[in-house]
Amino acid sequence: MDLSSLNEKQRLAVETTEGPVLVLAGAGSGKTRVLTYRIAHLIRDLGVHPYSVLALTFTNKAAREMRERTSALINRNVDNMWVMTFHSFCARILRIDGQVIDIDRNFTIYDETDKKSLIAEVMRRLNIDSKKLDKSVAAKIISDAKNRYLDPEEALIQASEQIAHIDEIYVEYEKAMRDSNALDFDDLILKTILLFKSAPHIRSKYEVQFKYILVDEYQDTNALQSELLKLLRINNKNIFVVGDDDQSIYSWRGATVRNILDFDEDFPNATTIRLEQNYRSTNTILKAANSIIMNNCDRKGKNLWTHLGEGDSIVHYYASNEFDEANFIAKTIMRNVNAGAKLKEHAVLYRINAQSRVIESTLTSYGIPYNVYGGLKFLERAEVKDIIAYLRLIVNPADRSALYRIINVPARGIGDKTVELLDNFAYEYGVPMIDVLDDGDIFSELPTAAQKKLYPFAALYKELVSLRKETPSAYQFTKKLLDTIGYYDYLKSFGDEGERRLENIQELLNAISEFESNIGDEGDALTLFLENTALATDADTADPNQDKVSLMTLHSAKGLEFFCVFIAGMDEDIFPSSRSTEDPDRLEEERRLCYVGITRAKKKLYLISASERRLYNYPKVYRQSRFMQEIPDFLKVCEGITPLNISFQSYSGYDRYASGSFTSRQSRQSLNTNRFASKPPVKVEHPKVESNYKVGMRVKHDKFGIGVIEAVVGEGGGAIVTVRFDDSTKRLAAGYAKLEIVKE
DNA sequence: TCAGCGCATGTTTTT
DNA sequence: CATGCGCTGA
């Protein structure tokens, strides 16, 4: 491998292949580069078989990127390398070897909604008032216990002193999960650990297979994930973890920076390497990020530096409301695009998904294409969930959550009472609910009234089961299923809305068909497809090569970078969130989140506050985020309405309206006229004198083809013209490069 | 008594 | 989007 493009520290990280290695990698310090070069080095230079490498990430996106970049580096297919998320890794192991601890191969992965509905049901059965204990709260406590302790039951028995009955809920929930042949996200990790502990030969099999383990985003690992890694490394110490304590933003999910701090205890004689040179952002952006994170006490401390130059000032736009905010974003994007930037170089980040709606509709009205990552998306559409629930039930008949969802969809006269009766009946007989329907003998024991209502569904279910037997293709089966259950007619009853839903169903069919043709003989297509949908987010379905603006939460932006980043909602109680301002630890996490957001930007950063916004259909006056004040004034310019002095007492939203709109600081703006149009690698500080070539012109070059002029520096024949071609940006001397102006 | 419908409500962040 | 509530009709 040619490692000459790496800096000294990066090369050390790549070449220290034996023993435990902890890399503390600041934002933009080339972390992914180090990971991919290291894998490439192992395979190419040391002859390690790809099958012996395990690389664990937290998102599918990160896993896919790592695989692709590694493959490109060594110019070889690495499909059989295990690069995946912690959760898919565990799901895979449990499907292969889970039977040893009595886990059925066809288990279903329950998402948060499935989990909560099951907990609600368990609480109903235990006669626990849902008003006294919210099911989400119960779910969170159970999840915390599973994420922090190897013996969650013990932990919950203790917790029940404060929260009555939580231990009983847990026990019943576990039982219901087992009956449903289902695992939740926490179970995937926990059960894999239990498998490894109770079956040492299986643990050892994987330890022998994975001669090298790499872990990305180590600061996001929780106690159990670290335990899992330790189990995989009892004899072999080749473990390489990369993390950044300043980017730890998942402690609410049980992640703990302790894993980084205690790495040397968990894996003795570890080598620690710090990557502090930032290759992504301008110095201005780094300074802003540093000045924010400096306010945190609980950190190791890092010294990020760059030689990319100062760059443009950060723009703080103070909007009158969320529509003004969205308009500003849209206009700025348009201006950048007219100056030659690509849509895909822009990202709009926000704290909560609910903020995306106004931004989406505004971008649409401007005709700006975008992709929303995460949030309410395709897989969360009711109609898609319905069909997936049917498929789940066929693959795993014990899946209660799926049965609950579809037993009366389309409506067939089976209401809550009938379902409750069915459930109680199954409970007393000690069989899964579906067996009551499927087994004629048990079915005939039901009260006649219930039989009458349930019979058509029982018959439908049997028909689906035999249909599945004679239709091996997942795609064909799903098509037939839609006919059999009368889903098309059901959609018609929704009128125009039904048309839209039909399109989504069509999209689902396409996805299944595509998935099916892409997998080889890895297993049953339908089972694997369902696993994929359970562990995937919509970010995975979006094509990153499309030239579209990216919209996502700050959390899902981690690991990504964009030339131009907007952070919307820099308002107190939104960011930092109202739920975090009381607790210093949570506030520090919000601050790290802000640090993550800012360091996504390479060149341009726009922070947007609004004096008033309507969120959750509730209008409210906002104060700008405290984080805005943590960025020193000399790094930013202000635009939009004039923010009042942000003192806590004198604040009044009405004054702000009265003070008139859009009194922006013209004088400061005019110092930097090129601010919106500039694009890397041109620095805006350059005095700009135009020649014949003008910014925005389309020109043709003999070798590079057609491109758009992004900047012109100098005059006449001596001018340097920056042209963005399809896949590269070139700086060309106007006198030599024969640039032909292309008419529109 | 139960099913089904319309309407109001509440939603941090995510594998 | 899911959940809860009140109303209507069988």
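Keep in mind it's a predicted model, so treat the numbers as computed, not measured. Per chain, numbering begins at 1; letters A, B, ... match sequence-line order. Only heavy atoms go into these numbers, but all of them, side chains included; no hydrogens, no water, no symmetry mates.
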- Message: Could you work out, with salt bridge (charged side-chain N to carboxylate O under 4.0 Å, His left out) as the rule, every residue matching A:Lys116, not counting sequence neighbours?
- Response: none

Measure all distances between protein nitrogen or oxygen atoms and nitrogen or oxygen atoms of nucleotides 3-8 of chain B, and list the pairs falling under 3.5 Å.
{"residue": "B:dA3", "atom": "OP1", "partner": "A:Gly415", "partner atom": "N", "Å": "2.9"}
{"residue": "B:dA3", "atom": "OP1", "partner": "A:Thr418", "partner atom": "OG1", "Å": "2.4"}
{"residue": "B:dA3", "atom": "OP2", "partner": "A:Asp416", "partner atom": "N", "Å": "3.4"}
{"residue": "B:dA3", "atom": "OP2", "partner": "A:Lys417", "partner atom": "N", "Å": "3.3"}
{"residue": "B:dG4", "atom": "OP1", "partner": "A:Gly413", "partner atom": "N", "Å": "2.9"}
{"residue": "B:dG4", "atom": "OP2", "partner": "A:Asn408", "partner atom": "ND2", "Å": "2.8"}

- Query: Taking the six-membered ring for Trp, is the centroid-to-centroid distance between A:Tyr487 and A:Tyr490 below 6.0 Å?
  - Reply: yes

- Message: From CD1 of A:Ile574 over to P of B:dT13, roughly how many Å is that when rounded to an integer?
- Response: 12 Å

- Touch check for A:Arg405, heavy atoms < 4.0 angstrom, all strands: base, sugar-phosphate only, or nothing? sugar-phosphate

- Message: Can you tell me if A:Ser556 touches the phosphate of B:dT14, counting only side-chain N or O atoms and a distance under 4.0 Å to OP1 or OP2?
- Response: yes

- Hits for side-chain contact (heavy atoms from CB on, under 4.5 Å) against A:Thr364, two or more places apart or cross-chain, chain-then-number order -> A:Tyr370

- Message: Can you see whether A:Phe627 has A:Arg591 sitting over its ring - NZ or CZ less than 6.0 Å from the centre and within 45° of the normal?
- Response: no

- Query: Does A:Thr553 have a side-chain nitrogen or oxygen under 4.0 Å from the phosphate oxygens OP1 or OP2 of B:dT14?
  - Reply: yes

- Roughly, in whole Å, what's the span from CD1 in A:Ile119 to P in C:dA2? 18 Å

- Once you round it to whole Å, what is the distance between C1' of B:dT14 and CG of A:Asn60? 12 Å

- Listed partners of A:Lys417 passing salt bridge (charged side-chain N to carboxylate O under 4.0 Å, His left out), at least two apart: none

- Smallest separation among heavy atoms of A:Asp144 and A:Trp252, with atom names: OD1-O, 4.4 Å

- Message: Do the side chains of A:Glu612 and A:Lys620 get close enough for a salt bridge, i.e. N-O under 4.0 angstrom?
- Response: no

- Message: A:Asp97: which residues meet the side-chain contact (heavy atoms from CB on, under 4.5 Å) condition with it, sequence neighbours left out?
- Response: A:Leu195, A:Ile202, A:Lys205, A:Tyr206

- Please name all residues satisfying salt bridge (charged side-chain N to carboxylate O under 4.0 Å, His left out) with A:Asp246, sequence neighbours left out, ordered by chain then number. A:Arg299, A:Lys302

- Item | A:Asn321 and A:Arg613: side chain donor to acceptor below 3.5 Å | no

- Query: What nucleic acid atoms does A:Ala382 come within less than 4.0 Å of, heavy atoms only: base, sugar-phosphate, or nothing?
  - Reply: sugar-phosphate

- Query: Please give, in whole Å, the distance from B:dT13 P to A:Leu551 CG?
  - Reply: 14 Å

- Measure from the side-chain heavy atoms of A:Thr59 and tell me the nearest of B:dT13, C:dC1, B:dT15. B:dT15

- Query: Who passes side-chain contact (heavy atoms from CB on, under 4.5 Å) against A:Arg253, sequence neighbours left out?
  - Reply: A:Phe58, A:Tyr250

- Query: Considering only heavy atoms, which members of residues 250-260 of chain A lie under 4.0 Å from some atom of DNA chain B?
  - Reply: A:Tyr250, A:Trp252, A:Arg253

- Message: Let's see if you get this right: which residues in residues 222-229 of chain A place a heavy atom under 4.0 Å from DNA chain B?
- Response: none

- How would you list, by chain and number, every residue that makes a salt bridge (charged side-chain N to carboxylate O under 4.0 Å, His left out) with A:Arg258, sequence neighbours excluded? A:Asp262

- B:dT13 phosphate, OP1 or OP2: any side-chain N/O from A:Asn353 under 4.0 angstrom? yes

- Item | Between C:dA2 (P) and A:Glu112 (CD): distance, integer Å | 15 Å

- Message: Nearest to the side chain of A:Ile352, heavy atoms from C-beta on, is which of B:dT13, B:dT11, C:dA2?
- Response: B:dT13

- Atom CE of A:Met552 to atom P of B:dT15: distance rounded to whole Å? 12 Å

- In whole angstrom, give the distance that lies between atom CG of A:Asn504 and atom C1' of C:dC1. 13 Å

- Between A:Asp134 and A:Lys140, does at least one N-O distance fall below 4.0 Å, as a salt bridge requires? no

- Taking CG from A:Asp220 and P from B:dT13, how many angstroms apart are they, rounded to a whole number? 17 Å

Could you pull out the protein-nucleic contacts involving nucleotides 7-10 of chain C (nitrogen or oxygen on both sides, under 3.5 Å)?
none

- Set of residues satisfying side-chain hydrogen bond (donor to acceptor under 3.5 Å, both in side chains) with respect to A:Glu65, sequence neighbours excluded: A:Arg69

- Message: Closest-nucleotide mapping onto DNA chain B: is A:Ser577 or A:Ala534 further toward the 5' terminus? I mean the 5' end.
- Response: A:Ser577

- Message: Under 4.0 Å, counting only non-hydrogen atoms across every strand here, what does A:Glu589 touch: a base, just sugar-phosphate, or nothing?
- Response: nothing

- Considering only side-chain heavy atoms of A:Phe185, which listed nucleotide, B:dT15, C:dA2, B:dT14, is closest? B:dT15

- Message: I'd like to know if the side chain of A:Thr108 pairs up with that of A:Asn396 as donor and acceptor (distance under 3.5 Å, no hydrogens or angles considered).
- Response: yes

- Taking the same atom, C1', in C:dT3 and in B:dT13, what whole-Å distance lies between them? 22 Å

